[in-house]
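Throughout, protein chains are lettered first and strands after them, A, B, ... in sequence-line order, and every chain is numbered starting at 1. Basis for what follows: all heavy atoms, side chains included, without hydrogens, waters or symmetry-related copies. Only a predicted model underlies this, so the values are computations on that prediction, with no experimental measurement involved.
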Amino acid sequence: MSDAQPHLYLVDGSSYIFRAYHRLPPLTNRHGQPAGAVYGYTAMLWKLADGLNKADGPTHMAVILDASESTHRNEMYDQYKANRPPPPEDLIPQFPLIRVATRAFSIPCIEQNGLEADDIIACYVLAATKAGWKVTIVSSDKDLMQLIEDGKVDMLDTMNDRRIGREQVLEKFGVGPEKVGDVLALMGDSVDNVPGVPGIGPKTASQLIQQYGDLDTVLASTDEITKPKLKQNLIEHADAARLSRELVRLVCDAPLPEPLDDLVLTGIPPEPLKEFLEDQGFKSLLNRVAGGGASSGGTRPVDVMASKPVAAAPTPPEAQDINVDRSAYETVTTMEALDRWIAEATANGFVALDTETDCIDCVIARLVGVSLATAPNKACYIPVGHVSADLLSDAPSQMPMADVLARLKPLLEDPAVLKIGHNLKYDWVMFAKQDINVAPYDDTMVMSFDLDAGRGIGGHGLDELARAMCNHECIPFKQVCGTGQKAITFDKVPLAQATEYAGEDADICLRLWQRLKPRLASENVTRVYEMVDRQLVTTVGRMERRGIKVDRDYLASLSSEFSKEITALEGRVYEAAGGPFTIGSPQQLGSVLYDRLGLKGGRKGKSGTYSTDVNELERLAGEGVEVANRVLEWRQLTKLRSTYTDALQAQINPETGRVHTSYSLSGAQTGRLSSTEPNLQNIPIRTEIGRKIRDAFVAEPGYQLMSADYSQIELRLAAQMADVPQLKEAFAAHEDIHSMTAEELFGSVDRDTRGKAKTVNFAILYGISSWGLAGRLGVPKEEGAAIIARYFERFPGIRSYMDDTLAFARTNGFTRTLFGRKTHFPNIRAGNPNHRAGAERAAINAPIQGTSADLIKRAMNRMDEALEKAGLEGVRMLLQVHDELLFEVPDGREQEAAAVVREVMAKAAEPAMKLDVPLDVEVGWGANWGAAH
DNA sequence: GATATCACG
DNA sequence: GACGTACGTGATATCT
């Protein structure tokens with residue numbers, strides 16, 4: 001390359017690591033320090049340096065960093081960058097590692113007091129172009145776009161591999177690079193706190209500069225401007241605009257800290273690099289060095305493993321056989337024996353435990369026995385509530401429950417003894433009812449969920465895990481208690497059998513813990529386990545115990561109201577159909593509609609039966625088929641009656657008079673909670689008639705129900721994670737996001753375009769297809785495709801977010817949320833394109849839905865303490881519905897409670913993370929849930 | 001136990 | 001270029 005033109009690559013290191021930090025999972029290095037951004041940075045440098053000797057690759061290279069806090073800009077304007085939040089806590093330790101990484105590549109790392117990285121870059125650009133070199137700036141900072149010159153200087157955004165030249169600048173700003181500074185001066189920059197002119201954003205700024213040529217001319221021509229508000233702002237803030245122009249002007253005449261020729265790139269000496277990669281534990285990169293110097297190949301970020309596994313296993317770790325000897329378990333019926341087990345557990349420092357009860361619902365269940373395990377095959381069962389199996393025999397010999405609990409309490413609350421449970425929420429509530437607060441604890445079900453969500457081993461139940469991880473079959477509950485009519489409760493199970501069953505549960509739980517615990521660190525899920533999900537066990541346990549009051553009489557009257565209407569509707573449907581049939585049977589209904597009445601419609605589904613779902617019925621109704629409407633109404637009312645008004649009454653706990661749902665902590669693969677028996681996360685709200693059900697959820701006398709929900713949280717997170725400036729700015733300005741999208745996509749905002757934009761926004765979150773979108777919007781598929789294309793064009797970050805997420809998922813078999821939660825997608829590499837496409841859509845959605853779940857979980861974990869601190873211990877958090885929390889608040893304390901709740905929810909990401917988008921929370925209250933919205 | 005439908009975010 | 005008609009849940013009724 002002796003006579004080739006030198007090509008200098010200038011890497012904007014500071015801006016890169018911020019973006020890498022937000023875009024990459026929160027990985028840790030071999031020392032357990034956060035290293036996600038460092039990893040991303042290392043992979044990027046590798047890729048760049050690998051371009052040596054390739055067409056348009058670097059011959060010279062340097063990394064530019066910000067050295068000092070204060071520069072000449074602060075002398076001009078003391079508020080410069082004053083609003084900038086401190087970096088996230090787990091990014092701070094990564095800054096120094098950036099220098100270490102750069103040195104490991106033997107690439108110069110340049111910083112200079114009093115100059116920002118942007119200025120140093122400008123100086124080098126000027127010097128290099130004067131010498132006839134080509135320059136590529138590796139950054140996506142819009143300030144640096146001022147430096148672009150066709151054929152001489154371009155920019156490279158390595159996150160999405162995009163080259164930025166004059167054309168791209170024109171596209172973004174509507175003006176060439178030489179005028180970018182004027183546009184920036186008018187629009188200002190909230191991140192750097194460059195004031196700009198109020199009311200002027202990118203659109204107006206660009207238009208003014210296009211019209212008048214430069215900033216000074218704009219400011220001198222205010223009398224030509226017709227819009228009164230704009231004119232006034234330009235006059236009033238002319239000085240701010242001039243100051244802004246100076247703030248965004250890059251210094252390009254400072255002396256170069258290192259001469260140009262010293263930046264030459266001759267190749268990367270392998271030894272220092274190897275040493276660095278080994279120290280960090282970046283195994284996949286290390287393998288490439290070992291393969292022989294700078295090699296080629298993709299540098300997609302892969303999971304950083306601590307010491308053991310080399311790459312993220314696409315399949316779960318293999319099962320390891322265990323030997324279970326149930327005959328070794330002991331039935332404890334004397335104080336002496338109990339004390340022996342307690343001493344053993346205390347000396348051990350940990351103990352696995354399980355409770356047996358007479359009912360699956362922990363709020364009403366009574367304790368029957370407790371099992372403990374201190375080592376494999378070393379388990380015992382302590383019966384406390386067994387009764388005789390029939391009227392003829394006596395109850396088995398056992399200690400009084402009160403005595404046993406009094407002895408167990410110190411152990412269960414001993415801060416030096418870790419209590420290990422499987423789905424410990426259940427056991428925690430059982431003991432909480434006896435005034436025992438089990439702590440500290442681990443939960444093997446939650447661990448399994450955090451490690452293997454979506455991994456295709458089914459659920460995370462003890463029996464399933466024993467099978468998948470240990471090739472062991474647990475005694476089925478059915479075998480002990482029977483099924484159907486003959487089923488008995490556990491208190492009637494003979495002690496010998498009970499001991500084998502219960503002892504096994506504790507024994508297996510302990511073995512699972514021994515296998516799962518070390519994987520948390522090595523597979524980088526410690527953070528989400530410790531900071532989110534483990535704490536949630538007791539948070540949710542407390543909520544389940546509280547329950548929510550339901551007005552039974554009101555539900556009963558709704559029920560009969562619905563019944564009357566249902567009967568009336570049935571009469572009309574039968575009349576139209578020419579005879580009675582089972583409306584609830586889709587088969588019969590289909591045959592009535594399409595065969596007997598001869599309506600036109602399609603077959604659907606493998607079974608070859610007619611589809612009669614809402615879409616079909618609404619289509620028929622639209623064609624004037626009256627009976628379709630009646631069936632729809634009938635469906636709605638029977639659904640409401642059977643699922644809600646009737647079922648809910650039956651769910652009221654006779655002891656508390658309240659409904660206690662059970663939240664599953666490991667039910668939803670994305671990290672959401674799910675609610676069962678009853679499901680309180682799908683109480684109607686979308687239709688007026690359905691909303692009446694919400695009015696049945698009431699507050700105790702002297703209390704109000706207060707609802708607090710995150711506004712548009714998933715779209716906000718999409719804006720954050722995909723790093724879409726327009727969306728982030730719109731949220732920061734509390735604009736209506738669907739209107740803003742409508743403006744961008746269709747050029748105008750009215751009811752129709754806003755509605756379409758809303759659909760498009762959701763489509764994006766769910767992993768879009770042009771067919772699907774077209775179907776939803778009722779437009780031809782070409783138009784659907786065109787809208788998607790326009791969306792990607794207007795919000796380019798979305799495209800790269802999707803590409804990056806899918807590439808990551810394909811490489812690693814899982815995705816991660818901002819807090820590191822993993823969701824696995826075994827089908828992401830499926831041969832069946834249908835399965836694969838499904839996995840891809842789910843993989844695009846999971847980080848967003850999952851991050852939203854992480855956030856509200858963090859808020860929930862902090863809520864009780866925050867309320868207590870504010871003197872609001874009377875406020876009780878009752879329900880969670882994905883982005884909503886429902887509270888019971890003493891009359892008169894609503895305002896105070898709202899303030900605390902809002903604060904905790906809005907700051908849920910902190911201090912681990914500082915989001916660019918605000919998390920707005922809408923709060924309302926009233927006598928019932930319906931009124932609280 | 002599978003399938004269809006529909007309630008929610 | 002084919003693929004398919006949005007992501008995540010749980011409850012109920014009907015029919016096999």
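At the heavy-atom level, A:Ala647 lies under 4.0 Å from the strands shown only through sugar-phosphate atoms. Nucleic acid contact class of A:Ser675 (heavy atoms, under 4.0 Å, all strands): sugar-phosphate only. Using a 4.0 Å heavy-atom criterion, one finds that A:Ile683 contacts the sugar-phosphate atoms exclusively. Residue contacts shown for A:Asn679 are limited to sugar-phosphate atoms, with no base heavy atom under 4.0 Å away. Across all strands shown, A:Thr612 has heavy atoms under 4.0 Å from sugar-phosphate atoms exclusively, and none from any base. Among the atoms of the strands shown, only primed sugar atoms or phosphate atoms (P, OP1, OP2) are found under 4.0 Å from some heavy atom of A:Ser585. No engagement by A:Ser662 is indicated, since no non-hydrogen atom pair under 4.0 Å with the nucleic acid exists. At the heavy-atom level, A:Gln669 lies under 4.0 Å from the strands shown only through sugar-phosphate atoms.
C:dA2 is unpaired under the criterion used here, namely a Watson-Crick or G-U wobble arrangement in which both key atom distances are under 3.5 Å. Taking a pair to require two hydrogen-bonding distances under 3.5 Å in either a Watson-Crick or a G-U wobble arrangement, C:dG10 pairs with B:dC6.
Side-chain contact between A:Leu593 and A:Leu617 is present, with heavy atoms from C-beta onward closer than 4.5 Å.
Contact check, A:Arg672 against B:dG9: no side-chain N or O comes under 4.0 Å of OP1 or OP2. Within the structure, a side-chain polar atom (N or O) of A:Ser674 is placed less than 4.0 Å from OP1 or OP2 of C:dG10.
If you check C:dG8, B:dA7, B:dT5 against the side chain of A:Asn845, the one that comes closest is C:dG8. Residue A:Ala842 has its side chain nearest to C:dC7 when only B:dT5, C:dT12, C:dC7 are considered. With B:dC8, C:dT9, B:dC6 as the candidates, the nucleotide lying closest to the side chain of A:Ile685 is B:dC8. Each of C:dC3, B:dG9, B:dA7 was ranked by its minimum atom distance to the side chain of A:Tyr766; first place goes to B:dG9. Checking C:dT16, B:dA7, C:dT9 against every side-chain atom of A:Gln587, the shortest atom distance belongs to C:dT16. Proximity note for A:Arg841 (side chain, C-beta onward) versus B:dT5, C:dA11, C:dA6: the nearest is C:dA6. Distance from the side chain of A:Asn834 is smallest for C:dG4 among the nucleotides C:dG4, C:dA11, C:dA6. Minimum atom distance to the side chain of A:Ala763 is reached by C:dA6, of the listed C:dG8, C:dA6, B:dA7.
Ion pairing between a basic and an acidic side chain is recognised when a charged N comes within 4.0 Å of a carboxylate O; A:Glu688 and A:Arg691 show no such pairing. Comment: A:Glu888 does not engage A:Arg546 in a salt bridge, judged by the lack of any side-chain N to carboxylate O separation of less than 4.0 angstrom. Between A:Arg672 and A:Glu714 there is a salt bridge, since at least one side-chain N of the basic residue sits less than 4.0 Å from a carboxylate O of the acidic one.
Minimum interatomic distance between A:Gly926 and A:Ala931 (heavy atoms only, all atoms of both residues): CA-CB, 4.1 Å. Between A:Thr661 and A:Pro678, the shortest heavy-atom contact is OG1-O, 2.7 Å.
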message: Let's go through A:Asp452 and A:His824 carefully: what are the C-alpha distance in whole Å and the side-chain angles of both, what is the deciding distance for side chain to side chain donor-acceptor pair (under 3.5 Å) to 0.1 Å, and is it a yes or a no?
response: CA-CA 7 Å; A:Asp452 293 326; A:His824 292 85; 5.1 Å; no
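Across the P atoms, B:dA4 and C:dT5 are found 14 Å apart, a figure rounded to whole Å. For the P atoms, the distance linking C:dA6 with B:dT5 amounts to 14 Å, nearest Å.
Counting to the nearest Å, the C1' atom of C:dT12 and the CD atom of A:Gln636 are 16 Å from each other. The distance between atom NZ of A:Lys639 and atom P of C:dG10, rounded to the nearest whole Å, is 13 Å. What separates CG of A:Leu886 from P of B:dG9 is a distance of 13 Å, to the nearest Å. Distance, A:Gln712 CD to B:dG9 C1': 12 Å, rounded to whole Å. A:Phe762 places its CZ atom 13 Å from the C1' atom of B:dC8, with the value rounded to the nearest Å. Spacing between atom NZ of A:Lys857 and atom C1' of B:dG9 amounts to 15 Å, rounded to whole angstrom units. The separation between A:Glu677 atom CD and B:dA7 atom P is 22 Å, rounded to whole Å. Atom C1' of nucleotide C:dG8 and atom CZ of A:Phe825 are separated by 10 Å, given to the nearest angstrom.
Only one option out of A:Arg902, A:Gln712, A:His734 pairs with A:Asp920 in a side chain to side chain donor-acceptor pair (under 3.5 Å); it is A:His734.
Ring planes of A:Tyr574 and A:Phe581: perpendicular class, angle over 60° (limits at 30 and 60°).
In terms of position on DNA chain C, the residue among A:Pro586 and A:Ala843 whose nearest nucleotide sits closer to the 5' end is A:Ala843.
Residue side chain A:Arg686 reaches the base of B:dG9 through a donor-acceptor N/O pair under 3.5 Å, judged by distance alone.
Using a 4.0 Å cut-off on heavy atoms, the residues of residues 770-783 of chain A that approach DNA chain C are A:Trp771, A:Arg776, listed by number.
For A:Ser666 and A:His460, the side-chain atoms include no donor-acceptor pair closer than 3.5 Å.
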